[in-house]
Protein chains: 2
Amino acid sequence: MAERLTPRAREIVAAARALLEESGAAALTMRTLADRLGIKAPSLYKHFPDKHAVEVELTAQMLAESAEALEAAEAHTPGSLETLAEAYRTYALAHPHLYCLATEQPLPRAELPAGLEDRAALPLLRACAGDLDLARAIWAFAHGMVILEIHGRFPADADLDAAWKRGLKVLHV
Amino acid sequence: MAERLTPRAREIVAAARALLEESGAAALTMRTLADRLGIKAPSLYKHFPDKHAVEVELTAQMLAESAEALEAAEAHTPGSLETLAEAYRTYALAHPHLYCLATEQPLPRAELPAGLEDRAALPLLRACAGDLDLARAIWAFAHGMVILEIHGRFPADADLDAAWKRGLKVLHV
DNA sequence: CGTCGTGGCTAACGGCGTTAGCCAGCCTGG
DNA sequence: CCAGGCTGGCTAACGCCGTTAGCCACGACG
């Protein structure tokens, strides 16, 4: 499989990611992105058709990295739902802006590397012994916990560790 | 408790809501909102300090209406987690843009009517017999299912009814 | 040595939220 | 009865945003 991006395009994505993680989605602007690279905004369009295409690359990064995190957890403690959940939560909370960007819009499946979506889902599916419905329920729970926490929807004094534990206990087969 | 808004402000919120529900968050613009009311954008600032304040009112509406939906479900079938979940899902999917707007940002607690957040949470908490951790886990599951569905994150052929059923069965005490 | 692709640039467009400042009409108090 | 001020419109404008058009310098290559 050919490289998805030219070296310059990869530099741009790296700068975009730094900007996003440091300052949030609102700060990810074609002009500030260009600034950080020492060029002017219109030059970015020599490398990407539009801003969305840059965001798609960030989404692909997030998917690939969370897949790696889950695979590592699986390798460390095979079959453990708790370990998988811990890895998911840790990754998402370590990259909240990236997680939101990748998550709060329709998945641009056509523009993503083939197999990436499946790869990200497989460790959980294996831990569920192929039970698709259970895997989706657990994914929804984990995503819900993470996204509600990131957006500050839980009361400040909520014991989220306990809620995670409670949900996982009960979701475990 | 005094009225939160003047009549004119309520008209503006109503127009904002129609715009949002018909055309999505991107279409909710101070200019198009003003257009729909037959005035110019700057005039809106006689009624609201900024766009965020309008969005807060929409968030409050969503919270109040979903609380009503849950209370009605509770009245109809007291203690049933399934009925509550069904009501939550139905409400959210009937108003996807409103649900996202109200959900995908930090809760503006200071600007919301007192007690509203609690009221929205109470039916579920009652169904969980006061078990806060369980209630939060179930809320995360329900929110995750709804938001992933709205954003098209599940595969097109996913059987979401089955995933809901599976999650609820297992979360039910 | 010319030609062409690459990757910069400036200028500009239309749309965004928002501000400043103006004004018509109405309500109210003297 | 009229003066004053409040209410709720208006226009013009600012500084952002994503994006396009069109120009140009430079290096690779036939």
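All chains are named by letter (A, B, ...) in the order of the sequence lines, taking the proteins before the strands, and each is independently numbered beginning at 1.
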Quick one: B/L37 CG to D/dC10 C1', roughly how many Å, whole number?
15 Å

Whole Å only: how far is the CD atom of A/E11 from the C1' atom of C/dG7?
12 Å

Without decimals, in angstroms, what is the distance between B/L5 CG and D/dG8 C1'?
16 Å

note: B/L28, atom CG; C/dG17, atom C1'; distance rounded to Å ~ 12 Å

Please classify the nucleic acid contact of B/L44 as base, sugar-phosphate, or nothing, using heavy-atom distances under 4.0 Å.
nothing

Phosphate-side-chain proximity, B/K46 and D/dT7, N/O vs OP1/OP2 below 4.0 Å:
no

Residue A/K40, side-chain atoms from C-beta onward, closest of D/dC10, C/dT10, C/dT18
C/dT10

Please verify the inter-ring angle class for B/H143 with B/Y99; under 30° counts as parallel, over 60° as perpendicular, anything in between as tilted.
tilted

Are A/R126 and A/D131 ion-paired here, with the side-chain N under 4.0 Å from a carboxylate O?
no

Quick one: is C/dC9 close enough that its OP1 or OP2 comes under 4.0 Å of any side-chain N or O from A/S43?
yes

Separation of C/dG14 atom P from A/M30 atom CE, nearest Å, is 20 Å

To the nearest Å, give me how far apart CG (A/D35) and C1' (D/dC17) are.
14 Å

Upstream residue (5' side of DNA chain C) when B/R31 and A/H47 are each assigned their closest nucleotide
A/H47

Give a yes or no on whether a salt bridge exists between A/E82 and A/K165, defined as a side-chain N under 4.0 angstrom from a carboxylate O.
no

Indicate yes or no: does B/R36 engage B/E22 in a salt bridge with an N to O separation below 4.0 Å.
yes

Between C/dT10 atom P and A/I39 atom CD1, what is the distance in whole Å?
12 Å

Nearest to the side chain of A/T29, which nucleotide is it out of D/dT20, D/dC17, C/dG17?
D/dC17

What is the distance from CZ of B/R10 to P of D/dG8, rounded to the nearest Å?
13 Å

Donor-acceptor pair between A/S80 and A/T83 side chains, under 3.5 angstrom:
yes

